[in-house]
Amino acid sequence: MTHPFPDATAAADTLALLRERTPLVQSLTNLVSANLLTNVLLAAGATNAVIDNPHEAGGFARVADAVLINLGTPHDEQAAAFTAAAESARAAGHPWVLDPVGVGGLPWRTDLAGGLLAHHPTAIRGNASEITALAGTAASGRGVDSASDAAESVPAARALLASTDVVSASGPVDHITGRTATGEITTVRVHGDSALLPKVTATGCSLGALSAAYLAVAPDPLTALVAAHAHFAVAAERAEPRSGGPGTFVPAFLDALAAVEPADLRAGARIDLAPTGRR
Amino acid sequence: MTHPFPDATAAADTLALLRERTPLVQSLTNLVSANLLTNVLLAAGATNAVIDNPHEAGGFARVADAVLINLGTPHDEQAAAFTAAAESARAAGHPWVLDPVGVGGLPWRTDLAGGLLAHHPTAIRGNASEITALAGTAASGRGVDSASDAAESVPAARALLASTDVVSASGPVDHITGRTATGEITTVRVHGDSALLPKVTATGCSLGALSAAYLAVAPDPLTALVAAHAHFAVAAERAEPRSGGPGTFVPAFLDALAAVEPADLRAGARIDLAPTGRR
Amino acid sequence: MTHPFPDATAAADTLALLRERTPLVQSLTNLVSANLLTNVLLAAGATNAVIDNPHEAGGFARVADAVLINLGTPHDEQAAAFTAAAESARAAGHPWVLDPVGVGGLPWRTDLAGGLLAHHPTAIRGNASEITALAGTAASGRGVDSASDAAESVPAARALLASTDVVSASGPVDHITGRTATGEITTVRVHGDSALLPKVTATGCSLGALSAAYLAVAPDPLTALVAAHAHFAVAAERAEPRSGGPGTFVPAFLDALAAVEPADLRAGARIDLAPTGRR
């Protein structure tokens with residue numbers, strides 16, 4: 001018998017909460033993603049403020065409903081702001097998400113990420129190689145964007161649960177590892193997405209921000225991440241046939257994030273337990 | 001009898017000047033808005049250069065036709081550049097716009113904004129709560145995006161006329177407070193916009209930049225701001241029916257900013273005096 | 001008799017190599033262009049990482065297949081990163097592109113660009129006035145975006161061949177100056193583009209990044225730049241009739257960059273020798 005996990009109904013209910021509460025996310029993010037990520041949050045049903053200077057980042061994290069810290073293009077002032085925001089969010093009991101962009105291959109930010117782990121992010125979202133590197137386990141020498149690689153990062157995700165509540169390795173099939181309502185560690189898969197998503201920059205970063213928004217309203221971190229990824233996947237599936245390529249996909253995807261209703265998630269989200277989740 | 005104010009014909013005539021002169025705006029702005037804001041200026045009929053480092057910002061403000069200073073995501077170097085650009089624009093007699101993003105809730109930038117006010121911005125554009133906070137009057141505890149709140153910020157806007165020539169509180173109905181050609185203080189309303197504008201990030205920032213472009217060509221600051229807001233509103237109204245949501249709205253809006261001609265403003269701009277303007 | 005130069009067939013063959021190898025570009029670029037530039041690379045068939053802090057820029061340039069250094073909106077940390085990345089790319093034998101945005105009118109970055117020239121960029125891409133200024137020749141007092149001006153910058157481009165392998169002055173007709181396979185200095189023209197390109201910001205910056213991607217796969221620098229510019233021009237020509245203005249042009253252009261195949265370049269690229277190339 002498998003233990004219970006957040007399913008399409010749970011995702012739908014959490015989207016309803018998002019639309020009702022319009023949470024405010026504070027994003028500390030990179031210069032490639034800042035615009036798209038904000039539009040994703042607005043379309044989905046949240047709001048965003050990019051407050052990433054060390055004078056204000058800590059104070060604002062006490063006000064924001066959730067915080068995203070994305071290591072995409074850090075400079076020294078932002079690095080100082082990361083620590084201030086993480087400390088402050090943690091102290092205030094607000095959820096925060098770590099998106100460890102590029103961790104593993106780049107030593108400076110790998111150290112930064114290690115330091116941030118000490119402030120216990122509520123969630124970590126990355127691709128398989130980043131999750132693996134962050135866990136300090138051996139990086140595979142292969143590509144990191146295939147479904148099998150996301151599955152292969154699950155042991156690393158489980159190891160990271162010492163430092164966080166939930167870990168997502170996103171890819172063609174997203175693998176989300178955390179604790180169910182009954183306390184069991186499990187890995188939930190969210191299927192869907194579009195083949196065009198990897199052809200558009202900052203979609204992964206935007207999913208990290210959307211995860212922060214859902215953490216502000218969901219009953220628990222695992223449900224939050226599953227709902228965020230299901231919302232993203234259902235919108236991407238809806239946008240793809242309305243697109244003529246990676247360029248027209250972006251506006252269609254934003255339209256779809258706004259148009260998707262709880263009933264669409266209930267009917268269309270494809271969520272199951274990963275084989276690794278049953279080990 | 002009401003005093004004269006810039007009407008749809010004045011807005012149309014000013015758009016004709018913009019298209020004839022293609023003013024160069026220097027923008028010091030945030031990482032969320034830099035791309036959209038530049039595309040808005042290019043589509044509308046101006047050009048833009050983001051020069052926001054302290055080595056060059058002051059010198060370039062002597063060359064640019066107008067300057068935008070937007071407090072969205074400042075870091076220390078940009079903060080130094082703000083002051084240099086404001087001083088330099090003022091000394092050269094070039095108009096400059098202050099967009100006090102986030103002022104009120106965030107103390108560091110509120111101090112920055114206070115310091116910049118000493119260099120007498122030609123115009124200030126913000127939402128109602130930012131205008132109210134900048135004026136140092138009591139912030140309302142309510143939301144800041146409703147039409148009534150924009151109207152409520154008019155006393156703050158009038159108080160700010162000690163430090164600037166014209167103040168816009170933009171929202172579903174924009175409220176623009178300044179002096180008419182005959183010297184009377186008045187508040188002009190620009191109606192229109194689209195319900196999708198608040199679902200797209202950086203549209204307010206872009207309106208601040210467009211205001212700077214219009215200041216470079218208009219006969220007076222009040223006419224400049226009214227024309228900029230009318231151009232924006234007419235384009236937004238035209239784009240909305242061509243959009244399927246907030247994503248497809250953006251390209252449609254940029255197309256519309258480029259397509260709108262003086263005759264469209266003359267026929268379609270909805271401009272009147274605010275009730276507060278008649279007190 | 002004219003000497004041989006990279007023609008439409010060479011451009012097509014190089015696009016096939018790009019699609020086969022998916023080179024990784026490291027971009028150090030401005031806040032206006034970072035998102036579009038990355039999407040251009042992904043759509044065209046490459047990948048991009050913006051690594052622009054001084055802690056990591058040099059190390060990553062030893063890993064990336066090519067590097068773009070764009071002087072659009074530099075701050076002090078980025079300026080330090082520029083030098084580290086240029087040195088490192090040069091030492092590793094990886095191609096790098098210098099995009100001297102704003103050089104000439106702005107003294108600080110003009111000095112920066114001069115210092116970077118000492119690290120022998122593989123290619124320089126700019127508009128005519130930037131190329132002229134970088135060569136230290138007298139800047140013309142006229143506009144810089146007309147076809148005649150691009151032609152007028154050819155003497156400056158030839159002078160720059162002491163410091164680089166190939167120089168592009170892009171505009172309505174791109175002029176690319178470098179050495180043919182037989183060692184002769186020549187100027188190749190790429191015709192096409194769309195009248196909408198100058199109405200969209202960061203398209204020139206994106207062409208610099210695409211040039212870097214092509215340098216990583218092409219048989220020689222002149223062929224790389226000709227192929228990159230031909231890919232860009234054919235995609236722009238295809239996108240224009242699918243656009244309703246500068247806003248809808250962007251997604252249509254990204255779709256077209258992805259859709260263009262080698263056969264389309266072979267049939268549609270319009271490449272010839274410049275009259276100045278025959279002097």
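Just so we're on the same page: letters track the sequence lines, and every chain starts at 1. As a basis for the values below, the full set of heavy atoms in this structure was taken, side chains included, without hydrogen atoms, waters or symmetry mates.
Val50(A) touches chain B through backbone and side chain together, each having a heavy atom under 4.5 Å away. Heavy-atom distances place both the backbone and the side chain of Asp76(B) under 4.5 Å from chain A. Looking at Val200(B), the atoms closer than 4.5 Å to chain A (heavy atoms on both sides) sit in the backbone and in the side chain alike. Neither the backbone nor the side chain of Ala259(A) comes within less than 4.5 Å of any heavy atom of chain B. Contacts of Thr29(A) with chain B are made by backbone atoms alone, with heavy-atom separations under 4.5 Å and no side-chain atom involved.
The most heavy-atom pairs under 4.5 Å with chain B, out of Asn30(A), Asn39(A), Thr38(A), come from Asn39(A). Counting heavy-atom pairs closer than 4.5 Å to chain A, the top-ranked of the candidates Pro74(B), Gly72(B), Gly105(B), Pro107(B) is Pro74(B). Contacts with chain B were tallied for Leu257(A), Leu254(A), Asp255(A); Asp255(A) has the most, counting heavy-atom pairs under 4.5 Å.
What you find for Leu106(B) and Glu56(A) is that their closest heavy atoms are CB-OE2, 3.4 Å.
Side-chain atoms of Thr73(B) and Gln78(A), non-hydrogen and from C-beta on, never get closer than 4.5 Å to each other.
In this structure, the side chain of Lys199(B) does not engage the main chain of Ala43(A) through any donor-acceptor pair within 3.5 Å.
We find the CG-CG distance between Asn35(A) and Leu36(B) to be 6.5 Å, quoted to the nearest 0.5 Å.
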